[in-house]
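Single-structure report; data block below.
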Amino acid sequence: MKTVFKVAGLLVLALLLLGGGIYSWASASANRTLARTLDSHSVDFPVPFPLQEEEIGELGLTPEEAEALALERAMERGRHLLESRYPCAECHGGDYGGGVMVDAFPIGTLMGPNLTSGEGGVVADYTVADWDRIVRHGIRPDGRPAVMPSEDFLLMSDQELSDIIAFFRTVPAVDREVPPVTLGPLGRFLVARGEIVLSADHLEDHFAAHPVLPPPAEVTVEFGRHLAGVCIGCHAPDLAGGRIAGGDPNWAPAANLTPHEDGLAGWSYDDFARVMLEEERPDGSRTREPMTFVTPFARNMTEVEMEALWLYLQSLPPRPTG
Ligand code: HEC
Ligand code: HEC
């Protein structure tokens, strides 16, 4: 009997040591990954984007009027982008005063910081270059990689980011302190194992120029490809879907959006629009999380945007899922 206890005791001890060893390794490795500083370019562009000289002439505007109209348009475009495409509010809160991305032990507490000018806000001293780094590169102002997923924002043009900055500069101040990101043991393990790939590491070249303007808002493949930039974080860069890397394990795998028989082959535009707006597939089944998080944004898309997306998806080569 005694030997049995001894063996069991030794086994427990071995397991504890092994667990402790794995934890120390994961912790040290995750810390190394998160504490690196990354180099990137330092861009600058106007906020808001000015009107074209021709238009100022045609409308006969004074410089002050031209500036006011440029700001008004930038804010309108910024609001549309935040309501229909870029889900900053999902993690930074509906009032942008801070919100929750993940708050689940043992993964960790990943809160979206306060983006207003109120107490606890982090963007008061942000330059245009800082905005570019965090949004389009996943790099914080101090050069360290952020845990914020920026993959979906890589195709954003200067003008679109400028419109979003113009919007945030005037959003009502919210006083809210948001705790910094802390990773739990599982979060550290996933980062250490490379299961959670930081956005900054997705991007190979942090010095490549960004487009200045988005493609014209018309029903073209080019505009559709631009819009689909926000679908690739879940549906994969080739849009053939599969398991969502780094996502909640309970989430459904992302659907194949190419015209393959595993994907959207045989779908009409109306089928596509119904699933985007009503969460219902042609066979009557309903889409699940996290696609349902996209619906409120899709409902604010213009018809031109929805049609351009469809045209682009139809132009893709058919690929099997995953
Ligand atoms: C899926 C959740 C998520 C989405 C969507 C998201 N963010 Fe974040 N964001 C975060 C998290 C989490 C952090 C904290 C990152 C860190 O400290 O590593 C963050 C950090 C930031 C910061 C502050 C970085 C700092 O510490 O100075 C800014 C600015 C920011 N996000 C802007 C945006 C904008 C603009 C958008 C929309 C275009 C956006 N975020 C979309 C989760 C998100
Ligand atoms: C947050 C992750 C996420 C984002 C972002 C996302 N999707 Fe999805 N999408 C999913 C998942 C997961 C499914 C599968 C849902 C299910 O099986 O119930 C899905 C399903 C779909 C479907 C239904 C197809 C089918 O065969 O069931 C369409 C169409 C679709 N997505 C289009 C888009 C488009 C277009 C975008 C970008 C504008 C987008 N999705 C952005 C996760 C996402």
Side-chain angles (χ1 to χ4, degrees), residues 79-94 99-104 107 112 149 151-155 195-196 214-215 217-322:
R79 177 172 302 112
H80 177 67
L81 291 173
L82 293 170
E83 286 176 355
S84 69
R85 203 178 310 163
Y86 299 115
C88 318
E90 288 282 299
C91 304
H92 291 278
V100 184
M101 174 171 148
V102 175
D103 186 8
I107 293 185
E151 291 87 296
D152 284 355
F153 311 143
L154 300 180
L155 296 185
E195 292 273 332
I196 296 181
E218 292 160 3
V219 182
T220 58
V221 168
E222 195 198 2
F223 187 47
R225 179 185 298 117
H226 181 71
L227 298 171
V230 298
C231 319
I232 60 176
C234 293
H235 287 277
D238 63 3
L239 293 168
R243 196 177 69 88
I244 301 174
D248 186 322
N250 298 322
W251 282 353
N256 184 340
L257 301 184
T258 74
H260 189 270
E261 56 183 27
D262 294 349
L264 305 186
W267 285 42
S268 66
Y269 170 73
D270 289 339
D271 295 334
F272 171 69
R274 187 170 322 111
V275 103
M276 295 297 289
L277 302 171
E278 311 297 337
E279 306 178 344
E280 193 184 327
R281 295 193 191 83
D283 66 6
S285 64
R286 303 192 63 83
T287 49
R288 297 162 286 177
E289 279 187 10
M291 186 57 204
T292 45
F293 302 157
V294 178
T295 318
F297 294 90
R299 287 189 179 143
N300 289 320
M301 281 184 194
T302 64
E303 230 169 280
V304 166
E305 287 169 335
M306 194 65 90
E307 285 179 23
L309 254 179
W310 176 242
L311 194 67
Y312 170 62
L313 295 179
Q314 288 294 94
S315 79
L316 293 169
R319 291 191 189 93
T321 306

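Side chains included, hydrogens not; waters and symmetry mates left out as well; all remaining heavy atoms used. Here the structure is a predicted model, which is why all the values come from computation and not from measurement. One is the number of the first residue; the rest follow in order along the sequence.
Across Leu264 and Trp310, no two heavy atoms sit closer than the pair CD1-CZ3, 4.0 Å. Closest of all the heavy-atom pairs between Tyr269 and Glu303 is OH-O, 4.2 Å. A pairwise comparison of heavy atoms in His92 and Gly112 identifies ND1-C, 3.5 Å as the closest pair. Taking both residues in full, the closest heavy atoms of Ala252 and Ile244 are given as O-CD1, 3.9 Å, listed atom of the first, atom of the second, then distance. Across every non-hydrogen atom of Pro259 and Leu313, the tightest pair is CD-O, 3.6 Å. Contact between Leu309 and Met301 at its shortest, heavy atoms only, is CD1-CE, 3.8 Å.
To the nearest 0.5 Å, atom OG1 of residue Thr258 and atom CG of residue Asp238 are 8.0 Å apart. Here the straight-line distance linking atom CZ of Phe293 with atom CD of Glu90 works out to 7.0 Å at 0.5 Å rounding. For the atom pair OG of Ser84 and CZ of Arg299, the computed distance is 14.0 Å after rounding to the nearest 0.5 Å. His80 NE2 to Tyr86 OH: the interatomic distance, rounded to the nearest 0.5 Å, is 10.0 Å. Interatomic distance, CG of Leu81 versus CG of Asn300, reported as 11.5 Å (0.5 Å rounding). Here the CD atom belonging to Glu307 is positioned 12.0 Å from the CG atom belonging to Leu227, to the nearest 0.5 angstrom.
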Worked verdict on Leu239 versus Arg319 for side chain to side chain contact (heavy atoms under 4.5 Å, CB included) | CA-CA 9 Å; Leu239 293 168; Arg319 291 191 189 93; 5.7 Å; no

Could you walk me through whether Leu316 and His260 pass the side chain to side chain contact (heavy atoms under 4.5 Å, CB included) test, one step at a time?
-> CA-CA 9 Å; Leu316 293 169; His260 189 270; over 6 Å; no

Stepwise side chain to side chain contact (heavy atoms under 4.5 Å, CB included) test for Glu280 and Val275 = CA-CA 5 Å; Glu280 193 184 327; Val275 103; 5.8 Å; no

Using the side chain to side chain contact (heavy atoms under 4.5 Å, CB included) rule, take Glu218 and Phe223 through it: C-alpha gap first, then chi angles, then the decisive distance, then the call.
-> CA-CA 7 Å; Glu218 292 160 3; Phe223 187 47; 5.7 Å; no

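Using a distance-only test at 3.5 Å, with no hydrogens or angles considered, no donor-acceptor pair links the side chain of Asp262 to the main chain of Pro320. Between the side chain of His235 and the main chain of Ala255, a donor-acceptor pair closer than 3.5 Å is present. Listed for the Ser285 side chain is no donor-acceptor partner under 3.5 Å among the backbone atoms of Arg281. Between the side chain of Arg274 and the main chain of Pro282, no donor-acceptor pair closer than 3.5 Å is present.
The side-chain contact (heavy atoms from CB on, under 4.5 Å) check on Glu279 picks up Arg286, Thr287, Thr292, Thr295, with sequence neighbours excluded. Evaluation of the side-chain contact (heavy atoms from CB on, under 4.5 Å) rule for Arg225 yields Val221, Tyr312 as partners, not counting sequence neighbours. Asp103 meets the side-chain contact (heavy atoms from CB on, under 4.5 Å) test with Val100, Thr109; sequence neighbours excluded.
A donor atom on one side chain and an acceptor atom on the other are found under 3.5 Å apart for Asn256 and Thr321. Of the N and O atoms on the side chains of His226 and Glu305, not one donor lies less than 3.5 Å from an acceptor on the other residue. Donor-acceptor pairing under 3.5 Å is lacking for the side chains of Asp270 and Ser268.
In this structure, Phe272 has its ring center no closer than 6.0 Å to that of Trp267.
Considering only heavy atoms from C-beta on, Met291 comes within 4.5 Å of Val294 through its side chain.
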